[in-house]
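Proteins come first, then strands; the chains are lettered A, B, ... in the order of their sequence lines, and each starts at number 1.
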Amino acid sequence: DAGVIQSPRHEVTEMGQEVTLRCKPISGHDYLFWYRQTMMRGLELLIYFNNNVPIDDSGMPEDRFSAKMPNASFSTLKIQPSEPRDSAVYFCASSSRTGFLGGRGTGELFFGEGSRLTVL
Amino acid sequence: GESVGLHLPTLSVQEGDNSIINCAYSNSASDYFIWYKQESGKGPQFIIDIRSNMDKRQGQRVTVLLNKTVKHLSLQIAATQPGDSAVYFCAEEYSSASKIIFGSGTRLSIRP
């Protein structure tokens, strides 16, 4: 398996522009997470999905951020309009939790390599 | 609220020595903990996990200790190698909620 695939790896945009980050989770995983990493705030959970349904979006900073998961193999995180303070590395992670939630196996997250966003 | 923090932001260790990275968590309802390693330019990678019904778990060169009384977690790396240089994160989870919260990270550097 190729692992979690994120695109683009790097994005530089100007304030006010729309940004769309994409994620392809590992096939068969039933959970998908979006995290944002900055020096000041570390790794912050933005939102996560279970079987394509958003479960908890309490970490989404504000209405400018939205995330979708139209099917089991694709998710997007959109920022519109973008602001300089959105500059960060955005990670997508997926996990298979069927056994874990029953007390077996691990609940490890498999991370992509991240999308580094710079908003000028 | 839920939070995970680290006592030491940086740790410098002589190659071959053992490393101990500490973590404090605040949510007493958390029942699952994982240590991740993040190398420069990459996403975090799983190292070892522990459930709250255990107080120690060993892997290859790594041991995780959990003290629920004081809500403390530690990662011990035996015979530290140059390849261990990275940022280490602890993460906590209340598994029924599947909401995984990461600590602020400790950078481990290895002296030759």
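With 3.5 Å as the limit, one finds a donor-acceptor pair spanning the side chains of B:Ser30 and B:Glu92. In this model, no donor atom of one side chain and acceptor atom of the other lie less than 3.5 Å apart for B:Asn27 and B:Tyr94. A donor-acceptor contact closer than 3.5 angstrom links the side chains of B:Ser19 and B:Thr80. Residues B:Gln45 and A:Glu108 have side chains that never bring a donor and an acceptor to within less than 3.5 angstrom of each other.
For the pair B:Arg51 (side chain) and B:Asp31 (backbone), a donor-acceptor distance under 3.5 Å is absent.
Only the side chain of A:Leu45 comes within contact range of chain B, with at least one heavy atom under 4.5 Å from a heavy atom of that chain. With a threshold of 4.5 angstrom between heavy atoms, A:Tyr35 approaches chain B through side-chain atoms but not through N, CA, C or O. When heavy atoms are compared at a cutoff of 4.5 Å, A:Ser95 does not approach chain B at all. Heavy atoms closer than 4.5 Å to chain B are found in the side chain of A:Gln37, but not in its backbone.
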Identify each donor-acceptor pair in which a side-chain atom of residues 67-77 of chain A lies under 3.5 Å from a protein atom, sequence neighbours left out, and give them as a table.
{"unit_1": "A:Asn71", "atom_1": "OD1", "unit_2": "A:Ser73", "atom_2": "N", "d": "2.9"}
{"unit_1": "A:Asn71", "atom_1": "OD1", "unit_2": "A:Ser73", "atom_2": "OG", "d": "2.9"}
{"unit_1": "A:Asn71", "atom_1": "OD1", "unit_2": "A:Phe74", "atom_2": "N", "d": "3.2"}
{"unit_1": "A:Ser75", "atom_1": "OG", "unit_2": "A:Trp34", "atom_2": "NE1", "d": "3.0"}
{"unit_1": "A:Ser75", "atom_1": "OG", "unit_2": "A:Lys68", "atom_2": "O", "d": "2.8"}

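B:Lys68 has no carboxylate O lying under 4.0 Å from a charged side-chain N of B:Asp55, or vice versa, which leaves the two without a salt bridge. Between A:Arg64 and A:Asp86, at least one side-chain nitrogen of the basic residue sits less than 4.0 Å from a carboxylate oxygen of the acidic one, meeting the salt-bridge criterion. Under a 4.0 Å N-O distance rule, the pair B:Glu93/A:Arg97 qualifies as a salt bridge.
Put simply, of B:Gly41, B:Gly43, B:Pro44, the one with the most heavy-atom pairs under 4.5 Å next to chain A is B:Pro44. Counting heavy-atom pairs closer than 4.5 Å to chain B, the top residue among A:Phe110, A:Tyr31, A:Phe91 is A:Phe91.
Interatomic distance, A:Phe65 CZ to A:Gln80 CD, rounded to the nearest 0.5 Å: 11.5 Å.
Contacts from residues 50-57 of chain A to chain B, taken as heavy-atom pairs separated by less than 4.5 Å, involve A:Asp56 in sequence order. Interface with chain B: from residues 113-120 of chain A, residues A:Glu113 qualify, criterion being any non-hydrogen pair under 4.5 Å.
Under the side-chain hydrogen bond (donor to acceptor under 3.5 Å, both in side chains) criterion, A:Glu44 pairs with A:Arg36, A:Arg41, not counting sequence neighbours.
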